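What follows is a short report on a single structure.
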Amino acid sequence: MVTAQPTDFAERVLRVAENIPPGRVMSYGDIAEYLGEKGPRQVGRVMALWGGGVAWWRVIHADGSLLAGHEHQALARYLEEGTPLRRTRDGAVCGVDMRRARWLAPEGWRQGG
DNA sequence: CGTGTGACACGTA
DNA sequence: TTACGTGCCACAC
């Protein structure tokens, strides 16, 4: 139940999130920076509100840390998509290997263009 | 109109 | 290399 409808900015954020290819991920800041609007916090807000309809697990922190409360679900997706994961000496998955999984949206990407 | 919070990011230890 | 603290922008009360 959302108390507001997706704004134009939200639609753009969701659009980018939907375009993130499997095995790749984008940081909130990257999406905000790519759109050139608002900031990472605003992107995170959009994902928190309407991110449930997109590959939310492909949108994580810039340091590669997984989404709190959904690490397990996200981890399962990464294993299925073969997303480069980062593990500690203990072998525990600490997050995603952003240096390899980080995906940058093409400048003139746009679905219709 | 002002204060507090959040699916964040950078700097420091 | 990993973990913790502070600052930003916009929304809700």
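Proteins get letters first, then strands, A, B, ... in listed order; numbering begins at 1 in each. Since we're looking at a predicted model, the values are computed, not measured.
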| said: Could you check whether any side-chain N or O of A/Glu71 sits under 3.5 Å from a backbone N or O of A/Gly69, counting only pairs where one atom can act as donor and the other as acceptor? | reply: yes
| request: Taking Watson-Crick and G-U wobble pairs with both distances under 3.5 Å, convert DNA chain B into its dot-bracket string, 5' to 3', dots for unpaired and | for cross-strand pairs. | output: .|||||.||||||
| In terms of side-chain heavy atoms, does A/Trp50 have a donor or acceptor partner in A/Glu11 at a distance below 3.5 Å? | no
| query | Between A/Arg58 and A/Trp103, is a side chain to side chain contact (heavy atoms under 4.5 Å, CB included) present by the stated rule, with each step listed? | reply | CA-CA 10 Å; A/Arg58 294 179 195 160; A/Trp103 179 74; over 6 Å; no
| task | Quick one, give me the B/S/- string for nucleotides 6-13 of chain B, reading 5' to 3', where B means a protein heavy atom under 4.0 Å from the base and S means that only happens at the primed atoms, P, OP1 or OP2. | result | BBBS----
| task | Check whether any side-chain heavy atom of A/Ile60 lies under 4.5 Å from a side-chain heavy atom of A/Tyr78, and answer yes or no. | result | yes
| task | List for me each residue that meets side-chain contact (heavy atoms from CB on, under 4.5 Å) alongside A/Gln73, sequence neighbours excluded, and say none if there are none. | result | A/Trp56, A/His70
| Below 4.5 Å, heavy atoms only, C-beta onward: do A/Leu67 and A/Val59 meet side chain to side chain? | no
| Student check: side-chain heavy atoms of A/Arg24 and A/Thr83 closer than 4.5 Å | no
